[in-house]
*Asks:* 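Quick one: structure below, then a few questions.
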Amino acid sequence: MSHPNGTITAQAERIPLSLQQDFLRLIDSGTDAGPFGPWYTIVGGWRLAGPLDVPTLQGALDDLVVRHESLRTSLVRDGDDSCQVVGEPGSPSLTVHDLSGQEGSRDLQAEELVNEVESAPFTIDQTPLIGAVLGRFDERDAVLALAAHHTAVDGWSMQLVVRDLAELYAARRAGRPAVLPDPGQYRQFVAWQREYERGPAADASRAFWRETLRGAQITPIPTDHARSAELPAATSWHRFLLAEDFRTAVLRLARTTRTTPFMVLLAAYALLLRERGGGDDIVAPTFTPGRMQSRMLDTVGSFYNFVPLRVDLAPCRTFADVLAAVRQTCLAAHTHELPFNDILAAAPNLLDAAGTDRTADLAFQVVQSPLIMADKPVGDLAYTAMRRRMLPQAVGSALPDGALWNLELNAPGIVGSVGYLSNLFTTESMMDLIIDFQRVLSRVLPRPDQELKNL
């Protein structure tokens with residue numbers, strides 16, 4: 001088994017780190033604000049409707065940890081001896097809050113509970129690496145918040161977790177076996193990844209990134225505070241909503257141009273970066289699910305890849321031109337996807353411009369998971385993902401650096417959130433970015449073929 005000081009007993013099986021985990025180890029600052037600190041978490045909220053039995057829910061959580069090794073895996077960070085160690089199944093914590101006597105909006109109270117969970121530390125030094133908080137409004141109405149350490153669970157995995165938890169709970173209630181697909185285990189992905197890295201496909205992709213990112217640096221945004229000021233570090237979250245007109249216009253343009261909503265929104269974001277002084281050579285980072293094998297689609301683990309998307313705006317005369325360039329960039333990047341370790345080795349100066357005393361990077365992503373549960377009944381409970389959280393929070397799930405912009409097309413409107421290091425940025429500067437982004441969308445979505453200089 002593993003120990004908090006990073007040592008393991010001789011009997012424990014040593015499994016290599018994935019490249020994703022190894023990158024986190026390399027950028028770890030050794031502080032609570034780093035990727036192995038207690039705030040590098042991922043938290044989700046779901047409303048539950050139906051007759052909820054708490055002991056059965058605890059049993060289903062226990063079953064979940066048995067099913068997915070990543071939830072009981074310790075990471076040992078010790079240079080060349082770094083590894084991961086799968087432990088014996090344990091029982092995740094389940095804290096229950098009685099919310100029956102409170103007045104006011106239950107939706108608002110549910111948001112407040114999820115924010116409270118997200119603001120609390122979650123240590124990586126002990127397993128299971130997942131816990132639950134349940135708020136009960138009455139016998140048939142509740143909110144469930146699941147928190148996991150981000151080194152063990154990514155956004156895709158969190159949707160798998162609640163899908164599996166719902167079925168495991170229903171199976172226990174009905175006294176039957178759970179009906180779920182073979183999950184695979186993260187160690188299988190690590191073994192495949194190590195073999196893939198030695199093969200010709202990975203060599204071709206490394207060559208692609210060397211050529212594509214030659215001379216490139218991630219387009220930075222200026223910070224409000226200097227890194228050298230060494231202000232207390234925390235990740236704050238501001239949440240916002242873009243009107244339904246934006247959502248329908250994005251979907252319409254994506255259909256007519258054979259692109260995706262992500263491509264449309266990224267094209268507008270690239271123009272925003274240029275307008276804010278980023279020049280014509282835009283390199284915008286995003287995240288991909290990283291599940292490069294179909295058999296890993298049902299596996300819980302940390303798979304996501306940090307991918308820089310380079311777009312040359314110089315020849316673009318219209319927004320349609322920008323969108324075509326973004327489409328070509330995205331398709332090529334997807335075809336040659338690699339862990340960020342490999343990309344950084346191919347372009348070692350990629351992060352230089354975003355790591356100065358007064359600059360940082362802003363990653364941009366659009367959530368498009370096919371697994372998000374919305375009013376889905378499983379057994380005698382119905383699960384609805386809380387996809388429209390609007391309450392801001394001063395301390396939430398941590399980012400290793402810079403800021404993260406997240407959008408989700410969720411009718412009516414586009415739900416957005418921006419996480420940012422409060423020692424680098426102010427809330428006001430993040431709000432200004434959102435306002436400017438809306439202005440760009442308002443100009444380009446209705447007139448994609450009009451020359452940009454006339455918009």
Side-chain angles (χ1 to χ4, degrees), residues 1-3 8-9 11-18 21 41-44 46 48 52-76 83-96 117 122-134 144-192 291 293 295-303 371 373 378-381 383:
M1 290 294 294
S2 63
H3 298 282
I8 57 175
T9 62
Q11 301 96 317
E13 181 183 2
R14 299 168 180 259
I15 301 168
L17 299 181
S18 69
Q21 292 169 329
T41 57
I42 184 164
V43 177
W46 291 265
L48 308 184
L52 177 63
D53 180 71
V54 174
T56 302
L57 180 60
Q58 180 68 73
L61 286 165
D62 295 350
D63 294 341
L64 191 71
V65 174
V66 173
R67 174 173 166 81
H68 294 291
E69 285 185 353
S70 290
L71 301 179
R72 47 190 166 93
T73 296
S74 299
L75 299 184
V76 178
C83 62
Q84 48 186 324
V85 181
V86 179
E88 295 298 321
S91 187
S93 65
L94 172 59
T95 304
V96 181
V117 172
F122 191 108
T123 179
I124 195 176
D125 290 336
Q126 59 186 20
T127 57
L129 291 173
I130 190 168
V133 176
L134 181 71
L144 176 67
L146 294 175
H149 205 275
H150 211 344
T151 56
V153 174
D154 56 18
W156 183 292
S157 297
M158 188 60 91
Q159 305 308 320
L160 292 174
V161 161
V162 74
R163 181 203 69 181
D164 291 1
L165 180 65
E167 171 59 18
L168 292 166
Y169 175 88
R172 277 181 169 262
R173 288 277 285 178
R176 60 168 175 80
V179 181
L180 289 167
D182 179 2
Q185 298 300 344
Y186 194 63
R187 66 166 79 195
Q188 295 172 302
F189 169 74
V190 173
W192 171 85
R291 294 166 186 265
Q293 283 187 302
R295 67 173 179 154
M296 290 292 108
L297 294 181
D298 289 297
T299 301
V300 168
S302 184
F303 290 87
L371 300 167
M373 300 176 79
V378 184
D380 54 6
L381 285 182
Y383 297 74

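The figures here come from the full heavy-atom set of this structure, side chains too, leaving out hydrogens, waters and symmetry mates.
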*Asks:* Indicate yes or no: at least one non-hydrogen side-chain atom of Leu165 is less than 4.5 angstrom from one of Leu146.
*Replies:*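 A side-chain contact exists here, since the closest heavy-atom pair is under 4.5 Å.
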*Asks:* If you measure from CG on Leu61 to CG on Leu134, what distance do you get to the nearest 0.5 Å?
*Replies:*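 Nearest 0.5 Å value for the CG-CG distance: 9.5 Å.
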*Asks:* Salt bridge or not for Arg163 and Asp298, using N-O below 4.0 Å?
*Replies:*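 So Arg163 pairs with Asp298 through a salt bridge.
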*Asks:* What closest approach, in Å, do Ile130 and Leu64 show between heavy atoms, and which atom pair accounts for it?
*Replies:*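 Scanning both residues completely, I find the closest heavy atoms to be CD1-CD2, 4.2 Å.
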*Asks:* State, to 0.1 Å, how close Gly90 and Asp62 come at their nearest heavy-atom pair, and which atoms those are.
*Replies:*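 Shortest heavy-atom contact: O-OD1, 4.3 Å.
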*Asks:* Has Gln21 got a side-chain atom pairing as donor or acceptor with Ala152's backbone, closer than 3.5 angstrom?
*Replies:*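 Not a single qualifying donor-acceptor pair exists.
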*Asks:* Is there a donor-acceptor contact under 3.5 Å from the side chain of Glu167 to the main chain of Val179?
*Replies:*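 Yes.
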*Asks:* Shortest non-hydrogen contact from Val162 to Tyr383?
*Replies:*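 Smallest interatomic distance, heavy atoms only, reads CG2-CD2, 4.4 Å.
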*Asks:* Restricting to non-hydrogen atoms, name the atom on Met158 and the atom on Ile42 that form the minimum distance, rounded to 0.1 Å.
*Replies:*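 For Met158 and Ile42, the tightest heavy-atom pair comes out as CE-O, 3.2 Å.
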*Asks:* Does atom CD (Gln126) have a neighbourhood of more than 12 heavy atoms from anything else shown, all under 6.0 Å?
*Replies:*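 Atom CD in Gln126 is not crowded, with 12 or fewer foreign heavy atoms closer than 6.0 Å.
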*Asks:* Using a 3.5 Å distance criterion without hydrogens, assess whether the side chain of Glu69 forms a donor-acceptor pair with backbone atoms of Gln185.
*Replies:*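 Between the backbone of Gln185 and the side chain of Glu69 there is no qualifying donor-acceptor contact (under 3.5 Å).
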*Asks:* Is the closest side-chain heavy-atom distance between Asp380 and Tyr169 below 4.5 Å?
*Replies:*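 A side-chain contact under 4.5 Å exists here.
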*Asks:* In Å, rounded to the nearest 0.5 Å, how long is the span from CG of Leu129 to OG of Ser74?
*Replies:*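 Here the interatomic distance stands at 6.5 Å.
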*Asks:* Check whether any side-chain heavy atom of Thr127 lies under 4.5 Å from a side-chain heavy atom of Val65, and answer yes or no.
*Replies:*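 They are not in side-chain contact.
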*Asks:* Quick check: does any side chain N or O of Thr299 sit under 3.5 Å from a backbone N or O of Tyr186, one acting as donor and the other as acceptor?
*Replies:*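 Side chain of Thr299 to backbone of Tyr186: no pair is present.
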*Asks:* Can you check whether Ala147's main-chain N or O pairs, donor with acceptor, with Thr41's side chain at less than 3.5 Å?
*Replies:*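 Side chain of Thr41 to backbone of Ala147, a donor-acceptor pair under 3.5 Å: no, none is there.
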*Asks:* Would you compute the distance between atom CZ of Phe122 and atom NE2 of His150 and round it to the nearest 0.5 angstrom?
*Replies:*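 It comes to 13.0 Å.
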*Asks:* Ignoring hydrogens and geometry, is there a side-chain-to-backbone donor-acceptor pair from Arg72 to Gly87 under 3.5 Å?
*Replies:*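 Yes, Arg72 side chain to Gly87 backbone: donor-acceptor pair under 3.5 Å.
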*Asks:* Salt-bridge test for Arg172 and Asp63: reply yes if a basic N is under 4.0 Å from a carboxylate O, no otherwise.
*Replies:*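 Here Arg172 pairs with Asp63 in a salt bridge, since their nearest N and O are under 4.0 Å apart.
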*Asks:* Hey, what do you get for CG (Leu180) to CZ (Arg67), rounding to the nearest 0.5 Å?
*Replies:*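 Output value for this atom pair is 4.5 Å.
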*Asks:* Tell me the closest heavy-atom pair linking Ser70 and Val300, and the distance in Å.
*Replies:*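 Nearest pair, atom of Ser70 first, then Val300: OG-O, 2.8 Å.
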*Asks:* Could you tell me if the side chain of Leu381 sits less than 4.5 Å from the side chain of Arg173, heavy atoms only?
*Replies:*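 Heavy-atom side-chain distance check fails, nothing below 4.5 Å.
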*Asks:* Looking only at non-hydrogen atoms, find the nearest pair between Gly301 and Arg291 and report the distance.
*Replies:*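 Looks like O-NH2, 4.0 Å.
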*Asks:* So do the side chains of Arg295 and Gln188 get within less than 4.5 Å of each other, counting heavy atoms only?
*Replies:*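 Yes, side chains in contact.
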*Asks:* Looking at CG of Leu48 and CG of Leu57, how far apart are the two atoms once the value is rounded to the nearest 0.5 Å?
*Replies:*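 These two atoms lie 7.5 Å from each other.
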*Asks:* Would you say the side chains of Thr151 and His149 form a donor-acceptor pair under 3.5 Å?
*Replies:*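 Indeed, the side chains of Thr151 and His149 share at least one donor-acceptor pair under 3.5 Å.
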*Asks:* To the closest 0.5 Å, what do you measure between CG (Leu168) and OG1 (Thr56)?
*Replies:*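 Taking CG in Leu168 and OG1 in Thr56, the distance rounds to 12.0 Å.
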*Asks:* State, yes or no, whether a side-chain contact exists between Phe303 and Trp156 at a heavy-atom distance under 4.5 Å.
*Replies:*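 In short, these two side chains do not touch, never coming nearer than 4.5 Å.
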